[in-house]
**Student:** 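After the structure tokens below, expect a handful of questions from me.
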Amino acid sequence: MSTTNNRQNAQASGKLYQFKLVLLGESAVGKSSLVLRFVKDQFDDYRESTIGAAFLTQTISLDDNTTVKFEIWDTAGQERYKSLAPMYYRNANCAVVVYDITQPSSLDKAKSWVKELQRQADPNIVIALAGNKSDLNARRAIDSEEAQAYATDTGLLFFETSAKTAVNVNELFTSIAKKMPLEQLAANSRGRGSGLKQRGVDLTSPTPANNCSC
Amino acid sequence: MSNDHSNVPVISVDEEYSGYRRKYGHEDPQSVNWCRHRKHFFILSSAGKPIYTRYGDESRISGYTGVIQAIVSFFVDAEDSIRCINAGNHKFVFLLKGPLYLVAVSRTNESETQLRDQLNYLYNQILSVLTSTQLTRIFEQRINYDLRLLLGGTEPFLDNLATSMSDEPGFMLGSIQCVRMNKELRDKIGSILQIVKSKDLLYAMLIANNKLITLLRPKRHSLHSADLHLIFNMVNGSSTFRSAESWTPICLPKFNNKGFLHAYVCYITGNVCLLLISPDKDKFFELSDAKSIIVEELTSCNALQAIEEVSQSEGYSIADVGAAGLRHFIYKSRKHVQYTSPTFMAPYNDPHEKQKLFKLYRYTHDRMHSRIRPLKVHYYVSPTETILGWITSTFELYAAFGPLISKSALTNSSHTLLKWIKKEEENLFILNSQVF
Ligand SMILES: Nc1nc2c(ncn2[C@@H]2O[C@H](COP(=O)(O)OP(=O)(O)OP(=O)(O)O)[C@@H](O)[C@H]2O)c(=O)[nH]1
Ligand SMILES: [Mg+2]
């Protein structure tokens, strides 16, 4: 697959950065569907609700010199998992807060997640707001302009996405990667925090060329 | 489903697009079809608020739950507690668990005890997502709390459990089934699990087809079959575990109903699921690394492929046993709390015939475990089968023969079966679980 090739090319001459990304939002807005579209290019009309949280990774290349690996926590939106969320966003470098453009209540929920992140998460966290299910435009309940205005005011990236048709899914993750303060993170993020720590090797530091990970 | 949708409310957008679809979810609780189901389960709060119904939409059964609540409190007021009502061919069985009332309404032939056992499994399923501590606290704070808010997403597990309890003898027998597997292979897998034992790990297990392949556990903590059923039900009840590594709190009530453990769940082949259970909620990456080691080790000795192949073909047919006249059986090893049973071949591959056979097994099981007069041996001759029930200190056997079989042929055949099981024992059962 092209992603893999890109990675190898990039690794041969460039740097690999690793970011922890967390997805938050009301149940059934399509968090898992967005991740599975991004990671496996799959979509399932009958996807079941996430139990606890799911962990996935995906690597993308930004340019010939820069490769970004996302370590993704896809959290469960059901109410009873609410108290677990801090464990997943505590060490996150970036977050995607998702709502469903056909469900007005889901934007309110998204806004409360954004508030919580701004209060409790890393102050440098990059947050993107995703209005998902844009393919259901006929049933739209939330104006793009309204959400865009909120995102601009709050300093969030904003996309309307469709996990179903794949519209704007890669764009969402790529712009997050581009907005990350790469060099600064490479220096800062070593040995931080408690809770769910990242894997043994700290890949946030630039990887020397030809460092085979096998 | 009937064509009459006139009084069905417009399906909410939310429901239409949420992933899980219930087979009978839109049935009207006033309709004939709804009433016709053979076994209903209801869960309500002690304030009479509906929490779960096996059929239809629980928000529309508050009329019934109100009545149930009234009946229960009538007895409570008299310092009594209601257990069972027999009405015609229907049984109403009650299980009162503090803030929760669970009720089975059944016209199956299941006994009061069997139905109450099933209600206990449903109750444990609720505990497994909430813990008894949380459950008690919520209702202490607000007696009128709508528990559905906290149980969102649990419906598939309750539904799956309700179906399994009618389909799988393990619930009735209080035991689980193992994947039939060459002992050397099972031991090899067990010794590989031993490599990752650590203080972060409480239990490690591999499961396939709702059966256990192997289990690693601390010496002082065996794993109760009721807790294993919950674990199987969780893995089996949701397809989401197939798409990623998952990390979820789970309460195993027999282990400790007051607190959560944390389960790492990951399919390592198409059929085979690895579960690593930790007391610590922060150990995901440690367990994920343990998984990588397990997969690497299993691959390097070609065991991974072997397990997957076995999991696809582990069942056996009654013909393999070679016992004349024997059509089907369930054998439970009492010492190992495991049972074995051949696959359902003709005529029992027909769901209707299978249900009929189960009915006979259930009846025999109930007769033998009768509290007033338990039996060691029991024959039951129906128009289609003769069922032998036989309980000793080491096993419990339920065997189905043709209706006309003679007692001597039946005895001979049963001994052939027992000999076969003895010979196959180490492949059918986990005789020594891996401990540390
Ligand atoms: N039409 C449409 N349906 C979608 C889209 N994304 C997700 N869905 C559907 O919405 C339902 C819920 O999607 P999930 O991805 O499970 O939602 P979630 O946010 O992960 O939900 P939780 O795990 O419960 O928090 C599923 O039936 C999906 O098929 C989309 O872009 N368009
Ligand atoms: Mg999800």
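Note that the structure is a prediction, hence the values are computed from the model and not measured. Side chains are part of it too, since the values below use all heavy atoms of this structure and drop only hydrogens, waters and symmetry mates. Residue numbers begin at 1 in each chain, while the letters A, B, ... track the order of the sequences.
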**Student:** More than 12 heavy atoms of other residues, nucleotides or ligands under 6.0 Å from CD of Q118(A): yes or no?
**Tutor:** yes

**Student:** What part of L36(A) gets within 4.5 angstrom of chain B, counting heavy atoms only: side chain, backbone, both, or neither?
**Tutor:**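 Answer is side chain: those atoms of L36(A) sit under 4.5 Å from chain B.
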
**Student:** Considering residues, nucleotides and ligands other than K254(B), do more than 12 of their heavy atoms fall under 6.0 Å from its NZ?
**Tutor:**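 For K254(B), atom NZ is not crowded (no more than 12 foreign heavy atoms under 6.0 Å).
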
**Student:** Is any side-chain heavy atom of F284(B) less than 4.5 Å from a side-chain heavy atom of M87(A)?
**Tutor:** no

**Student:** Atom CZ of F260(B) and atom CG of L84(A): how far apart are they, to the nearest 0.5 Å?
**Tutor:** 8.0 Å

**Student:** Is the closest side-chain heavy-atom distance between T240(B) and S32(A) below 4.5 Å?
**Tutor:**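 No - every pair of side-chain heavy atoms lies 4.5 Å or more apart.
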
**Student:** Is it the side chain or the backbone of L149(B) that comes within 4.5 Å of chain A heavy atoms, both, or neither?
**Tutor:**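 For L149(B), the backbone is the part near chain A, not the side chain.
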
**Student:** Assess whether atom NZ of K179(A) is packed by more than 12 heavy atoms of other residues, nucleotides or ligands within 6.0 Å.
**Tutor:** yes

**Student:** I need the R80(A) CZ to I138(B) CD1 distance, nearest 0.5 Å.
**Tutor:** 11.0 Å

**Student:** Closest approach of G52(A) and P249(B), non-hydrogen atoms and distance?
**Tutor:** CA-CD, 4.4 Å

**Student:** Among L130(B), I250(B), V129(B), D280(B), which residue has the highest count of heavy-atom pairs closer than 4.5 Å to chain A?
**Tutor:** V129(B)

**Student:** I need the K82(A) NZ to L150(B) CG distance, nearest 0.5 Å.
**Tutor:**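 One gets 12.5 Å once the value is rounded to the nearest 0.5 Å.
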
**Student:** Report the distance from atom CH2 of W73(A) to atom CH2 of W247(B), rounding to the nearest 0.5 Å.
**Tutor:**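 That separation rounds to 8.0 Å.
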
**Student:** Tell me, yes or no, whether the heavy-atom count around Q305(B) atom CD, taken from other residues, nucleotides or ligands under 6.0 Å, exceeds 12.
**Tutor:**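 Count not over threshold, so no.
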
**Student:** Under 3.5 Å, side chain of K40(A) to main-chain N/O of S243(B), donor-acceptor pair present?
**Tutor:**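 Side chain of K40(A) to backbone of S243(B), a donor-acceptor pair under 3.5 Å: yes, one is there.
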
**Student:** Taking A54(A), A53(A), S33(A), G30(A) one by one, which has the highest count of heavy-atom pairs under 4.5 Å against chain B?
**Tutor:** A53(A)

